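The structure appears below as structure tokens.
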Amino acid sequence: MREGHQGTGPGAITPDGCAVELYSRLPAGDEPAVVAAAVPGGARILELGSGVGRMTHPLLERGFTVTAVDESAEMLEHVHGARTICSPIEELNLGEDFDVVMLASFLVHTGDVEVRRGLLRTCARHVAEDGCVLIQREGADYHTDLPRERVDPSGFTVRIVSAEPVGDGVNSVRAEYEFPDAVWTQTFRARPLTKEQFEEALEEAGLEVDRYLTDDGTWVRAIPMPRR
């Protein structure tokens, strides 16, 4: 397990505390539509942290070519129709460019600054000069207004139970997912980032914001900075 990460519930648990069976049940929601509206049709997408293919499969159905990367082989066993690569994201170096690099699931908020730098360097290393990087950020109140819960129309409840400081601006976040037949929990470390801190992190990796794609600012389209 990664330090500060753990998970409970039926089935395999990944190094960052994610339960494989849980993620195989979660719906994709509006996220594939957000991605599709922000990139050219038929684009080649490098999806970093694909998990079981919750986003991968809807993107394939929309005509994109997807390379799915995850550090969990158990997660990747559920991905069909895409090229799959089992690797920690921060260590990935495929030696090729993609029209789109996607870093979803709030991975940019990892509590470890060096891991975050590695994630964003991987994005910058693999995006074509005229391509883009799509990043999902936490909402402004993600670590506050707790506990809170949402009942999904498909019949399960997700709760963000707590976000407790553990030092150096990092919180230990606990989430619960309750289904009629099973309950999973995940504890992970996350670093809240202001808009300014987020944009500074991008700039350090050679990326800059092109535009914010959603009204709440949680989805961002970034592009490579001009080379000097």
Side-chain angles (χ1 to χ4, degrees), residues 1-7 13-18 23 35 44-52 54-56 66-76 79 82-129 131-138 142-143 166-173 186-210 218-227:
M1 301 297 292
R2 290 179 180 259
E3 183 180 1
H5 295 245
Q6 62 182 7
I13 306 291
T14 68
D16 59 355
C18 295
Y23 277 81
V35 172
R44 295 177 64 245
I45 298 176
L46 177 64
E47 184 186 5
L48 302 175
S50 66
V52 297
R54 186 173 61 93
M55 294 271 284
T56 316
V66 183
T67 295
V69 177
D70 202 277
E71 68 178 351
S72 167
E74 291 94 341
M75 287 282 195
L76 290 175
V79 176
R83 171 192 181 193
T84 59
I85 297 173
C86 188
S87 170
I89 296 168
E90 60 270 29
E91 298 175 9
L92 188 71
N93 191 350
L94 298 179
E96 56 186 290
D97 294 339
F98 293 82
D99 304 317
V100 181
V101 179
M102 190 168 71
L103 186 70
S105 302
F106 313 135
L107 292 177
V108 73
H109 290 274
T110 175
D112 189 320
V113 172
E114 286 305 313
V115 171
R116 184 188 70 207
R117 286 175 174 146
L119 298 178
L120 291 175
R121 282 195 295 263
T122 294
C123 292
R125 184 163 55 241
H126 290 90
V127 66
E129 189 171 347
C132 67
V133 178
L134 302 184
I135 301 173
Q136 187 181 23
R137 302 170 60 226
E138 293 174 346
Y142 188 82
H143 293 260
V166 293
D168 189 33
V170 177
N171 289 336
S172 176
V173 181
Q186 183 180 5
T187 301
F188 57 94
R189 292 187 178 177
R191 181 183 298 273
L193 297 172
T194 65
K195 182 178 177 182
E196 291 73 23
Q197 289 170 330
F198 169 71
E199 292 183 0
E200 287 171 3
L202 289 185
E203 184 176 353
E204 183 182 21
L207 301 168
E208 63 184 4
V209 171
D210 176 48
T218 56
W219 277 95
V220 185
R221 187 181 194 272
I223 56 175
M225 296 176 67
R227 295 174 182 166

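Keep in mind that this is a model prediction, so the values were computed, not measured. The figures here come from the full heavy-atom set of this structure, side chains too, leaving out hydrogens, waters and symmetry mates.
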Minimal heavy-atom distance between H5 and G17, with the atoms involved, is CB-N, 4.3 Å
Of the non-hydrogen atoms in L94 and L46, which two are nearest, and what is the gap between them? CD1-CD1, 4.1 Å
Quick check: do V108 and R116 have side-chain heavy atoms less than 4.5 Å from each other? yes
Which atom names give the shortest non-hydrogen contact between S50 and L76, and what distance separates them? OG-CD2, 3.6 Å
With the side chain counted from C-beta on, respond yes when L48 and L92 share a heavy-atom pair under 4.5 Å apart, and no when they do not. yes
Residues two or more places apart in sequence or in another chain: which of them pass ring-ring contact (aromatic ring centres under 6.0 Å, His included) with F106? Y142
Derivation of the side chain to side chain contact (heavy atoms under 4.5 Å, CB included) call for E96 and T67: CA-CA 11 Å; E96 56 186 290; T67 295; 5.7 Å; no
Rounded to the nearest 0.5 Å, how far apart are CD of E138 and CG of N171? 8.5 Å
What one should report as the nearest heavy-atom pair of E114 and D112 is N-OD1, 2.9 Å
Could you tell me which residues satisfy side-chain contact (heavy atoms from CB on, under 4.5 Å) with R125, sequence neighbours excluded, listed by chain and number? N93, R121, T122
So which heavy atom on S172 is nearest to which on T187, and how close? OG-CG2, 3.5 Å
Please tell me if the side chains of R137 and V220 come closer than 4.5 Å, counting only heavy atoms from C-beta onward. yes
E71 vs E91, side chain to side chain contact (heavy atoms under 4.5 Å, CB included): CA-CA, chis, key distance, verdict: CA-CA 10 Å; E71 68 178 351; E91 298 175 9; over 6 Å; no
Could you tell me if the side chain of L202 sits less than 4.5 Å from the side chain of E208, heavy atoms only? no
How would you list all residue pairs meeting salt bridge (charged side-chain N to carboxylate O under 4.0 Å, His left out) that involve residues 190-202, not counting sequence neighbours? D168-R191
Gap separating the CG atom of D70 from the SG atom of C86, nearest 0.5 angstrom: 7.0 Å
Let me confirm one number: the CD-CD1 distance from E47 to I89, rounded to the nearest 0.5 Å. 9.5 Å
Can you measure from CZ (R44) to NE2 (H126) and round to the nearest 0.5 angstrom? 10.5 Å
Could you measure the distance from the CG atom of L119 to the NE2 atom of H109? Nearest 0.5 Å is fine. 11.5 Å
For the CZ atom of F198 and the CD1 atom of I135, what is their distance to the nearest 0.5 Å? 4.5 Å
Quick check: closest heavy atoms across S87 and V69, and the distance to 0.1 Å? O-CG1, 3.8 Å
Within-4.5 Å side-chain heavy-atom neighbours: M55 and Q136: no
